[in-house]
Amino acid sequence: MEARLFGLENPLFSSLQHLVDLPDELEKTFNAPTKTYVRDARAMAFTPADVKELPSAYEFVLDMPGVKSGEIKVQVEEDNLLVIIGERRRDDEKEKEGGKFSLPDNANLETISAVCRDGVLTVTVEKLPPPEPKKPKTIEVKVV
């Protein structure tokens, strides 16, 4: 009965209720990933990559058919993140391929090499030599 007293079943009230619910819909719209993000994420997900740990290096092998070596960019970003991007052009349409790989702490960022042969990119990251074990420090005991 109280709902009728306040006129809550009124069409105006239901319209206002709909407007109150609108922010949830807007939030979904604003938090949705962009088309570029979705395209890049799909390209990374579908780019076959093999990661190998060799005794002295890490090796990343990516199939990048149709991508010219001049259109491949290999870089290391903050926090030892290896980023590989290749851009393929088909009939006025661009496609990006690549991947992001987190490098371990013992990766030597100064000695990264990349070779592209027959549509296969091989990126080699040498390992830093293991730290030498700390020698125990001997402390001389003085007689007083």
Side-chain angles (χ1 to χ4, degrees), residues 2-3 6-143:
E2 291 180 19
F6 291 104
L8 295 180
E9 69 267 350
N10 186 328
L12 178 62
F13 178 74
S14 64
S15 296
L16 288 174
Q17 182 65 35
H18 179 69
L19 287 175
V20 171
D21 292 337
L22 189 61
D24 289 339
E25 294 170 13
L26 285 176
E27 183 177 339
K28 289 177 188 174
T29 301
F30 289 124
N31 288 333
T34 64
K35 289 180 182 180
T36 304
Y37 175 81
V38 171
R39 183 194 68 218
D40 290 350
R42 281 187 188 147
M44 287 190 322
F46 293 117
T47 301
D50 294 323
V51 181
K52 302 174 188 175
E53 182 175 2
L54 305 173
S56 63
Y58 298 98
E59 195 171 77
F60 302 85
V61 181
L62 288 86
D63 292 333
M64 301 185 86
V67 180
K68 296 177 184 172
S69 60
E71 295 173 343
I72 297 174
K73 182 166 54 169
V74 178
Q75 59 189 30
V76 177
E77 294 181 352
E78 290 182 28
D79 299 325
N80 284 7
L81 188 66
L82 177 67
V83 179
I84 302 169
I85 300 171
E87 194 170 67
R88 174 182 19 221
R89 296 175 188 193
R90 292 186 187 165
D91 303 328
D92 299 331
E93 192 176 306
K94 291 182 184 180
E95 283 185 39
K96 284 188 179 181
E97 288 193 21
K100 294 184 180 184
F101 305 93
S102 213
L103 295 174
D105 291 335
N106 69 339
N108 187 347
L109 305 181
E110 304 301 319
T111 60
I112 298 175
S113 64
V115 176
C116 187
R117 184 176 304 138
D118 298 329
V120 178
L121 176 69
T122 303
V123 178
T124 305
V125 182
E126 292 185 23
K127 293 181 180 179
L128 291 170
E132 291 190 25
K134 291 186 177 181
K135 297 176 184 173
K137 181 177 179 181
T138 306
I139 301 173
E140 182 182 337
V141 178
K142 297 181 182 179
V143 179

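Remember, it's a predicted structure, so these values are computed and weren't measured experimentally. Heavy-atom basis, side chains included; hydrogens, waters and symmetry copies ignored.
No side-chain donor-acceptor contact under 3.5 Å links Lys73 to the backbone of Glu87.
Expressed to the nearest 0.5 Å, how far CG of Leu103 lies from CZ of Phe60 amounts to 5.0 Å. Here NZ of Lys127 is found 12.5 Å from OG1 of Thr111. Values are rounded to the nearest 0.5 Å. In this structure, CG in Leu128 is found 9.5 Å from CG in Asp105, a value given to the nearest 0.5 Å. Here the CG atom belonging to Asn106 is positioned 3.5 Å from the OH atom belonging to Tyr58, to the nearest 0.5 angstrom. Residue Ile84 holds its CD1 atom at 9.0 Å from CD1 of Ile72, rounded to the nearest 0.5 Å. A distance of 8.5 Å separates OG of Ser113 from CD of Glu59, quoted to the nearest 0.5 Å.
What you find for Pro104 and Asn80 is that their closest heavy atoms are O-ND2, 3.4 Å. Annotation for Ala114 and Val74: closest pair CB-CG2, 4.2 Å, computed over non-hydrogen atoms. For the pair Ala57 and Thr124, the tightest heavy-atom approach, listed with the atom from each and the gap, is CB-CG2, 3.9 Å. Across all their heavy atoms, Val67 and Gly86 have their closest contact at CG1-CA, 3.9 Å.
The number of heavy-atom neighbours closer than 6.0 Å to CD of Gln75, taken from other residues, nucleotides and ligands shown, is above 12.
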